[in-house]
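Heavy-atom basis, side chains included; hydrogens, waters and symmetry copies ignored. Chain A is the first sequence line, chain B the second, and so forth, proteins listed ahead of strands; every chain is numbered from 1.
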There are 2 protein chains.
Amino acid sequence: MNRDFTDVSMAVIRRLPKYHRYLKDLLDKEVYRISSRELSRLIGFTASQIRQDLNCFGGFGQQGYGYNVEELYKEIGNILGLNRVYSTVIVGAGNLGQAIANYPSFVKYGFELHGLFDVNPKLVGMKIRDINIYDVDELGTFVKENDIEIGIICSPKEVAQDITDTLCKANIKGIWNFAPIDLKVPKDIIVENVHVSESLFILSFLLNEKSKRD
Amino acid sequence: MNRDFTDVSMAVIRRLPKYHRYLKDLLDKEVYRISSRELSRLIGFTASQIRQDLNCFGGFGQQGYGYNVEELYKEIGNILGLNRVYSTVIVGAGNLGQAIANYPSFVKYGFELHGLFDVNPKLVGMKIRDINIYDVDELGTFVKENDIEIGIICSPKEVAQDITDTLCKANIKGIWNFAPIDLKVPKDIIVENVHVSESLFILSFLLNEKSKRD
């Protein structure tokens, strides 16, 4: 199957990783068949939402049978592009960079880490999971020579745009950005942000609202 | 001002941290006044979206003048509950826990870290930013005795629910969860998740879609 999903809304796409995670849990528990109602109870979306979401991709359920968990898990993985390998580098080898390098999903789903980069001479030359930490001066050349597709930015925000410029010049395809800044990139480069402080501020909002009502 | 914002949609609320971040950048650059059009160009929302969003909170702009950056920054901070201090603990003092403990926004915006907790005897007894790492067995007592409001879960997913149960029994108010699992909590406990692998899978989706079109 090589159709593209430009017609599917990003709201639906952004729910797919959650389906993927729950289906993996079901497989780990040796559950091979599930109704949209049971899936709904587990995952917290309505059964009708689930049917609608999955229909965007051709529909996987069978009336009176439900979903084949293994098939659905595999298909959603395919849609998410998890049926292939991605070459990656991490820029910023501090605690966050090391946490990402060791993150189980990262390793498990085909994200191959080829190198970490840092300015700190104490880190350069060390290894994480047998992968070298290089001087950030070598970043551009390394990315170009090794056809790296994804650059993961775990640096302080002050240097994140410079790193991005280096990555883009070296023909990176996508950037996974943890720095609290919106990066400027040429329009064919994909950027996906994890802005953790935004999530923290939503938590403080909710706590503060709750304390007003209590 | 002590009104609550239960009438404002979470979609609007979830955009506030981004406004907050851009307004902070403007203040750092000593820009004290901005039109919704200029703000729109910076932040990437339409000017009409910006006016609509800010109107939900009473509207801050003045016709022909624009927004007072400092006032708007302060008010959005107040709405987000950043005008007070939160007592927190981090459970899981590995790379991710340490990264969060050192995260600049975390320190800057009133999230006071009272302790880290881990099972690893090599970590227990150490300090991060002068804050102790304790044995996780002490978690419940510590949270209760110190009136901790926020528990931050940076543990492997296998133990995240047990940690959550301990936190809830010790009267935690909110949980900031980095483990890739949806936690079960009593309904008065607020949970905010950072599911980093969901973001990674969106990146792989977008890269994979792009490669089909190229």
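No other option in A/R14, A/M10, A/R213, A/K173 has as many heavy-atom pairs under 4.5 Å with chain B as A/R14. The candidate from B/G174, B/C154, B/P17, B/G81 with the greatest count of non-hydrogen atom pairs under 4.5 Å with chain A is B/P17. Taking chain B as the reference chain and counting heavy-atom pairs below 4.5 Å, the highest number among A/A99, A/P104, A/S204, A/S197 is found for A/S204. The residue among A/G44, A/S199, A/P180 with the most heavy atom pairs within less than 4.5 Å of chain B is A/S199. Chosen from B/L200, B/L80, B/N208, the residue pairing most often with chain A at heavy-atom distances under 4.5 Å is B/L200. Contact count versus chain A (heavy atoms, under 4.5 Å) is highest, among B/Y103, B/W176, B/Y22, B/F178, for B/W176. For chain B, the option among A/V194, A/L207, A/D214 with the highest count of heavy-atom pairs below 4.5 Å is A/L207. Contact count versus chain B (heavy atoms, under 4.5 Å) is highest, among A/D25, A/I202, A/I150, for A/I202. Of the listed residues (A/I100, A/N102, A/L206, A/L96), the greatest number of heavy-atom pairs within a distance under 4.5 Å of chain B belongs to A/L206.
Of the atoms belonging to A/P156, not a single heavy atom falls under 4.5 Å from chain B. When heavy atoms are compared at a cutoff of 4.5 Å, A/I43 does not approach chain B at all. Contacts of B/R21 with chain A are made by side-chain atoms alone, with heavy-atom separations under 4.5 Å and no backbone atom involved. B/D188 touches chain A through backbone and side chain together, each having a heavy atom under 4.5 Å away. With a 4.5 angstrom heavy-atom cutoff, A/F201 touches chain B via backbone and side-chain atoms both. Only the side chain of A/K210 comes within contact range of chain B, with heavy atoms under 4.5 Å apart. Heavy atoms closer than 4.5 Å to chain A are found in both the backbone and the side chain of B/F106.
Taking the six-membered ring where the residue is Trp, B/H20 and B/Y109 present perpendicular rings, their angle passing 60° and hence far from 30°. Using the six-membered ring where Trp is involved, A/F117 and A/F142 have ring planes that are perpendicular, over 60° apart on the 30 and 60° scheme.
Ion pairing of B/D53 with B/K18 is absent here, as no side-chain N (NZ or NE/NH1/NH2) approaches a carboxylate O to less than 4.0 Å. The residues B/E71 and B/K74 are annotated as not salt-bridged, no charged nitrogen and carboxylate oxygen being separated by less than 4.0 angstrom. A salt bridge links A/E209 with A/K212: the distance from a Lys NZ or Arg NE/NH1/NH2 to an Asp or Glu carboxylate oxygen falls below 4.0 Å.
The nearest pair of heavy atoms linking A/G97 to A/I90 is O-CD1, 3.6 Å.
Using a 4.5 Å heavy-atom cutoff, the side chains of B/V191 and B/D182 are not in contact. Counting heavy atoms from C-beta outward, A/I153 and A/L167 have side chains that approach closer than 4.5 Å. The closest side-chain heavy-atom distance from A/K169 to A/T166 is not below 4.5 Å.
Heavy atoms from other residues, nucleotides or ligands lying under 6.0 Å from NZ of A/K127 number more than 12.
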